[in-house]
Novice: 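Structure in structure tokens, see below.
Throughout, a chain's letter reflects where its sequence line sits, starting with A, and its residues are numbered from 1.
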Amino acid sequence: MFLKFKDEVSSILSDAIAGSGFQTDDLALGESPHADLASSVGFKLASKYKQSPKAISEKIYENIKLRTGSYVTRAEMAGPYINFFMSRTFFNETVRSVLFEKENFGSLDKKGKVILEHTSANPDGPLHIGHIRNSVIGDTLARILKRAGYDVKTQYYINDMGRQIAVVVWGLENFKFDETKKKDHAIAEVYINANKSLVDEKEHSPEVDGIMKKYEAGGTEIEGKFNRAIDTCMEGIKESLTRMNIHHDEFIRESRFVRSGEVNLIMDRVKALDRTALKDGAFMVDLKDAGIQKSLVIQRSDGTSLYTTRDLSYHEWKTTRCDRMIDILGADHKLISSQLKAVLRILGSKEPEIVIFEFVSLPEGSMSTRRGVFISADELIDEVEKAAYEVVDKKLPDRDEEFKRKVAKFVSIGAVRYDIVRISPEKATTFDWKEAVDFEKQGAPFIQYAHARACSIIKNGKDEGISFEDFDPNILLESQEIALIKKISLFENVIDNASRELKPNIVAIYARELADTFNQFYRFVPVITAEPEFRPARLALVECSRIALANVLDTLGIFAPESM
RNA sequence: GGGCUCGUGGCUUAGCCUGGAUAUAGCGCCGGGCUUCUAACCCGGAUGUCGAGGGUUCGAAUCCCUCCGGGCCCGCCA
């Protein structure tokens, strides 16, 4: 509904601008604490027309023609600003449309296909707290884009040809695999031991190189070994992802592009470029004209391919299958991804949109699976769940064990996801255990609680025989009611912005504001205990809030409980 | 050394791309509110040279330059 209001304001304003003889494409419309939408267009035109912003705004204002029965009730001058306000019709239609659309409320018109690649951690150990920043950002973006109308397929790109996985394969033949551990953790143990030994005894390194070359050449035996190693680790990784309510539609192995010959094809195309030169037996692409000083190696001197070469084929393959390609990558991929984009551009291919997130480090420094220095996602969730259980046990001492466990589970997953997604991806963070297990801050439980509270009111309303099948929305006049309707109407605008800018934190912030606005309504406006004539409309508004809260939580991949 | 990026109350953080009306919110701190629909809540208060300096502009947290501090990266790893 908000987008319709915005469209109407835009159309009214551009007509007024044209009517007063000015010309501009920029309506300078934005949200404001003083209005539902405000325009500072007077400022924009001031220098062009050599008049004061106020004088320009006044002329435009005089030409504003509001339409009867529209979503805009009035426009006001406030100094050089022109403010627009929502009408009763807008409020009433918002309430009705939310009740009608239910779980589809906030979903936008159909758009094209998106392939979104996220997580893609190497199968050499469990996901750690850095990886899950990728997973949570990626999964949330996928959910946002789905709501924005895209047909989204998520992919996990498995690097099965890199050195690390060869080390794992070698390690499995030389070290004990601990069957008692979760599989990805047992793989990590083997990987860590193998790396230690490789540092200590250099002679093992040629063995690893040999394994890599063998795998690139292919063959049943070597592929079987890799498959076992990868499948074992991926089983554990998938388990962790599922626990966090994260799902991938496809798992794509980079080796398939080598086997299919696509890597050779693209290498030949790159080699044919004038900018590609042979240096010390390796093929290197010059990208200086793209603003990248470092040239890119696409083929080793031994003839084998590199990560970027295979990634090039992967992206070429994706290009034909979607309208938008989105990759979620860690900050260490900044250079390599800009090189990838540059080469794709030179080849005349579509470039991916890349969302870079900064590192999560430990107080003592950066994490490393290879060195065994990391906090796994499993460990984090276990600890957060433990802390959540303590809180639940204190707050709900009379509830049965099963209920408390269930609540602790969804509260902890919500808290972990929310804590990650609320922060802008470009912010580097340092992990802090005290922060991680703190439930006092206004995070996911706050929003989940608001949803549970709304459910409870609706249930009580039903028990009291109050129905919102038939209600008069005009009776919703309290400031908290209006504020709540406005906030709910903003959801589609939030989805629209977040999907355009690929910023999941916009949705996280909105979710918190929505819960906040609902709580204020709850505190000041009685529903069940109100005078009978108010009950149906207010209960309807609670249902709208419940729907909005459920839909935002769903977009964040966080469970919306009926009680907690 | 070069490139990219971040720096906003004690702590965490929004806004920055697309400059505009008193800089967002939480934690913590101070004070108030449960015989009332779930108090994991609500209300009020204190706390800011928006890293520093310069520039552009009618107007800068936002754009440009320099510097300082943190993070990431820098040709045959991924």
Novice: Between A/R453 and A/D26, which has a closest nucleotide on RNA chain B that is more 5'?
Specialist: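 Looking at RNA chain B, the more 5' nearest nucleotide goes with A/D26.
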Novice: Classify the glycosidic conformation of B/G75 as syn or anti, calling it syn when the angle lies within 90° of 0.
Specialist: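 You should classify B/G75 as syn.
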Novice: Would A/R405 and A/Y389 count as a cation-pi pair here, with the cationic atom under 6.0 angstrom from the ring centre and within 45° of the axis?
Specialist: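 Because its charged atom sits under 6.0 Å from the ring centre and within 45° of the axis, A/R405 does stack over A/Y389.
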Novice: May I ask you to say what A/S47 touches in the nucleic acid, namely base, sugar-phosphate or nothing, with a heavy-atom cut-off under 4.0 Å?
Specialist: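 Nothing, no nucleic acid heavy atom in range.
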Novice: For a side-chain contact (heavy atoms from CB on, under 4.5 Å) check, start with the C-alpha distance between A/I457 and A/I528, then their side-chain angles and the critical distance, and finish with the verdict.
Specialist: CA-CA 7 Å; A/I457 295 171; A/I528 312 294; 4.1 Å; yes
Novice: When both hydrogen-bonding distances must be under 3.5 Å and the geometry is Watson-Crick or G-U wobble, what is B/G69 paired with, if anything?
Specialist: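 Its partner is B/C6.
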Novice: Quick one: is A/K427 getting a side-chain N or O under 4.0 Å of the B/U12 phosphate, OP1 or OP2?
Specialist: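 For A/K427, the contact criterion (side-chain N or O under 4.0 Å from OP1 or OP2 of B/U12) is not met.
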Novice: Got a list of protein N/O to nucleotides 3-5 of chain B N/O distances below 3.5 Å?
Specialist:
unit_1, atom_1, unit_2, atom_2, d
B/U5, O4', A/K334, NZ, 3.4

Novice: In the 5'-to-3' direction, what one-character label does each nucleotide of nucleotides 24-32 of chain B receive under the scheme B = base within less than 4.0 Å of a protein heavy atom, S = sugar-phosphate only, - = no such atom?
Specialist: -SSS-----
Novice: Does B/A39 have OP1 or OP2 sitting under 4.0 Å from an N or O in the side chain of A/Y522?
Specialist: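 Affirmative; the distance criterion is met.
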Novice: Please determine, for B/C76, whether a Watson-Crick or G-U wobble partner exists with both distances under 3.5 Å, and give it or none.
Specialist: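 In the structure as shown, B/C76 has no Watson-Crick or wobble partner.
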Novice: Assign the ring pair A/F410 / A/F559 to parallel, tilted or perpendicular, where the plane angle (0 to 90°) is split at 30° and 60°.
Specialist: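 Geometry flag for A/F559 against A/F410: tilted rings.
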Novice: For A/Y418 and A/A508, which heavy atoms make the closest approach, and how far apart are they?
Specialist: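 Distance-wise, the nearest heavy atoms are OH-O, 2.7 Å.
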Novice: Which word best sums up how the rings of A/Y49 and A/F22 line up, parallel for under 30°, tilted for 30 to 60°, or perpendicular for over 60°?
Specialist: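 The arrangement is perpendicular - the two ring planes meet at more than 60°.
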Novice: What's the closest nucleotide to the side chain of A/K503 if the choices are B/U38, B/A78, B/G15?
Specialist: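 Comparing B/U38, B/A78, B/G15 against the side chain of A/K503, the answer is B/G15.
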Novice: Mapping A/V392 and A/A35 to their closest nucleotides on RNA chain B, which lands nearer the 5' end?
Specialist: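 Taking each residue's closest nucleotide, the earlier one in sequence belongs to A/A35.
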Novice: Do the ring planes of A/F521 and A/F518 sit parallel (below 30°), tilted (30 to 60°) or perpendicular (above 60°)?
Specialist: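 A/F521 vs A/F518 ring planes: tilted.
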Novice: Which one is paired to B/G19, where only Watson-Crick or G-U wobble pairs with both distances under 3.5 angstrom count?
Specialist: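 With both distances under 3.5 Å required, B/G19 matches none.
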